[in-house]
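These values consider heavy atoms only, across backbone and side chains, with no hydrogens, waters or symmetry-generated copies.
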Amino acid sequence: MGKNLKGRECGKGIYQRKDGLYSARFVDRAGKRHEKYFQTVPEARNWIADAKYADAHAEVFVGTDITVDEWFDFWIENIVGDLAPNTLRNCRDRYKHNIQPVIGRIKLTDVKPMHCKKVFIEMDADYSGSTIRQAYITMGTMLKAAKMNDLISKHPMDGVRFTKPVRAANDIKFLTREEQRIFLETARRSHNYNQYALILETGLRTGELIGLTWDAIDFENKKISIQHTVVTAKVNGTVTEIARDKTKTKSSCRTLPLIPACEQMLNKMKKEQEQNRKVCGKSYCTDYLDYIYVDPMGKRIRPDFLSQHFPDFLVAHQMKRIRFHDLRHSCASLLYANGVSLKEIQEWLGHSDISTTSNIYTHLDFSSKVSSANAIVNIFPENAKV
């Protein structure tokens with residue numbers, strides 16, 4: 001039995017420290033001791049009772065002396081496990097490569113602001129502001145969850161900031177109406193023309209594009225249904241796994257109009273796939289028959305294949321240097337330039353929050369705006385050569 005500072009019994013596993021706090025100790029079934037401090041004896045007794053019950057009934061029990069590594073594993077599996085696959089992948093990547101080397105082995109209760117700041121200092125030279133921001137969000141959310149669950153008394157990220165600027169909306173690049181025409185004309189010489197063109201025409205994310213299947217195309221009613229995306233797992237920068245999953249968010253599930261140029265292109269692609277299958281015979285891969293974007297041998301295209309080859313294509317043809325994702329921005333910028341409302345663009349792109357759309361596109365300054373919302377149809381006319 002422990003005692004308080006006046007010599008009175010506090011109960012089994014409880015004693016009062018010199019600073020006045022009551023220490024509560026508990027040993028779990030694995031023989032591991034846990035300790036936590038409270039202002040009053042009843043709080044300490046309740047904690048011990050709850051901990052013993054959870055341990056005895058195999059419920060979720062997290063010790064108070066766990067390391068950051070142990071907390072991260074619990075947090076990623078039990079607290080934020082329902083996040084989008086790409087978001088979880090980003091969390092794991094930032095933890096493994098940036099957070100873990102600095103604080104992974106430290107006890108959760110020993111993490112201080114200086115440890116958190118060190119993570120960002122070590123990232124500053126080699127990482128972009130947006131990647132550092134991912135680490136900031138991951139570490140901050142993980143430690144905030146620890147505080148909310150009474151594993152730590154203070155949030156060690158309070159007051160901690162990173163200094164490297166995140167890419168500003170003004171820095172986002174896009175192709176103007178004329179640049180898009182030139183780009184598409186030049187892209188006809190590329191094996192990846194179909195992918196480039198569809199992203200410009202629809203504004204799809206890369207994973208959504210690669211995840212498209214033929215049953216998502218309603219030729220009769222002129223619609224494209226976006227319900228899935230392709231996610232990847234990387235080890236040392238190399239893609240080791242490709243899987244089809246639900247879209248990034250619920251808002252990402254959407255239906256887009258099938259414009260004439262897109263319809264022509266998809267019809268031609270379908271005929272080419274059928275022809276390739278006949279020519280290749282048994283050597284043709286039949287695992288991805290439902291997918292729209294496959295190579296001539298029937299194998300699904302990797303999402304990173306497009307982004308890796310895109311810079312070389314631009315350099316080879318002396319074209320404006322943009323990211324592959326900027327083709328999506330270019331689609332939206334054309335809509336915005338032609339008077340389409342931000343709300344409609346939000347729904348077109350599948351943004352869950354209209355502020356995301358607003359922050360990206362309201363800075364665009366165009367020489368002219370027209371009232372027509374048929375911007376995409378105008379730039380990709382029905383008689384376009386495919």
Side-chain angles (χ1 to χ4, degrees), residues 130 167-190 192-210 212 224 226 229 248 252 254 256-262 264-266 293 303-351 354 356-370 372-381 384-386:
S130 58
R167 190 178 190 184
N170 298 343
D171 298 330
I172 294 174
K173 297 179 181 179
F174 61 92
L175 299 177
T176 63
R177 185 193 311 256
E178 182 60 25
E179 287 171 338
Q180 289 187 40
R181 286 196 178 94
I182 296 172
F183 173 84
L184 280 179
E185 190 61 36
T186 307
R188 293 183 189 281
R189 310 170 203 171
S190 168
N192 299 323
Y193 170 77
N194 292 332
Q195 292 93 319
Y196 297 163
L198 193 67
I199 286 187
L200 269 177
E201 295 164 4
T202 62
L204 295 183
R205 300 177 178 93
T206 306
E208 294 171 344
L209 177 80
I210 304 302
L212 275 180
I224 303 177
I226 314 301
T229 188
K248 185 177 181 180
S252 298
R254 58 201 188 278
L256 301 178
L258 181 62
I259 65 173
C262 184
Q264 288 183 24
M265 181 172 62
L266 289 170
Y293 287 98
D304 62 334
F305 174 84
L306 297 172
S307 58
Q308 287 177 358
H309 288 76
F310 190 61
D312 295 335
F313 165 76
L314 297 177
V315 171
H317 297 282
Q318 298 180 335
M319 302 192 69
K320 182 177 180 178
R321 299 295 298 273
I322 61 173
R323 301 174 306 160
F324 186 69
H325 189 73
D326 290 328
L327 294 178
R328 172 172 156 88
H329 291 315
S330 298
C331 171
S333 70
L334 187 61
L335 293 171
Y336 186 74
N338 284 270
V340 179
S341 70
L342 284 175
K343 182 62 178 177
E344 291 173 303
I345 296 176
Q346 175 198 1
E347 294 174 356
W348 187 290
L349 297 180
H351 286 156
I354 196 171
T356 303
T357 316
S358 177
N359 291 339
I360 294 175
Y361 299 110
T362 53
H363 74 282
L364 301 179
D365 183 19
F366 299 91
S367 58
S368 64
K369 287 188 178 183
V370 296
S372 171
N374 296 320
I376 298 297
V377 177
N378 290 338
I379 198 170
F380 307 108
K385 296 180 181 180
V386 180

Interatomic spacing from OG in Ser341 to CD1 in Ile354 - rounded to 0.5 Å: 7.5 Å

Leu175 side chain near Leu327 side chain, heavy-atom distance below 4.5 Å: yes

Identified side chain to side chain contact (heavy atoms under 4.5 Å, CB included) partner of Leu209 from the options Ile199, Ile226, Thr202: Ile199

Donor-acceptor contact below 3.5 Å, side chain Arg254 vs main chain Ser252: yes

Side chain proximity check, Phe183 to Leu200, heavy atoms < 4.5 angstrom: yes

Closest contact, heavy atoms only, Pro311 versus Ser307: CD-O, 3.1 Å

His317 versus Thr186, side-chain donor and acceptor atoms under 3.5 Å: no

CZ-CG distance between Phe324 and Asn192, expressed to the nearest 0.5 angstrom: 7.5 Å

Min side-chain heavy-atom separation Val340-Trp348 under 4.5 Å: no

Approximate separation, where rounding is to 0.5 Å, of Gln195 CD and Leu212 CG: 11.0 Å

Thr357 side, atom OG1; Glu347 side, atom CD - distance, nearest 0.5 Å: 9.5 Å

Nearest heavy-atom neighbours spanning Arg328 and Gly203: NH1-O, 2.6 Å

Parallel, tilted or perpendicular, as decided by the 30° and 60° cut-offs, for the rings of Tyr196 and Phe313: tilted

Aromatic ring pairing His329/His325, orientation class (parallel under 30°, perpendicular over 60°, tilted between): perpendicular

Under 3.5 Å: donor-acceptor pair, side chain of Arg205, backbone of Gly350: yes

Side-chain (Lys320) to main-chain (Phe174) donor-acceptor, under 3.5 angstrom: yes

CG-CD1 distance between Leu266 and Ile224, expressed to the nearest 0.5 angstrom: 6.0 Å

Which atom of Ala261 lies closest to which atom of Glu201, heavy atoms considered: CB-OE2, 4.2 Å

Gap separating the CZ atom of Arg323 from the CG atom of Leu314, nearest 0.5 angstrom: 12.5 Å

Any donor-acceptor N/O pair, Tyr336 side chain to Ile345 backbone, under 3.5 Å: no

N/O donor-acceptor pair under 3.5 Å between Arg188 side chain and Tyr193 backbone: no

Leu335 vs Glu344 side-chain heavy atoms within contact, under 4.5 Å: no

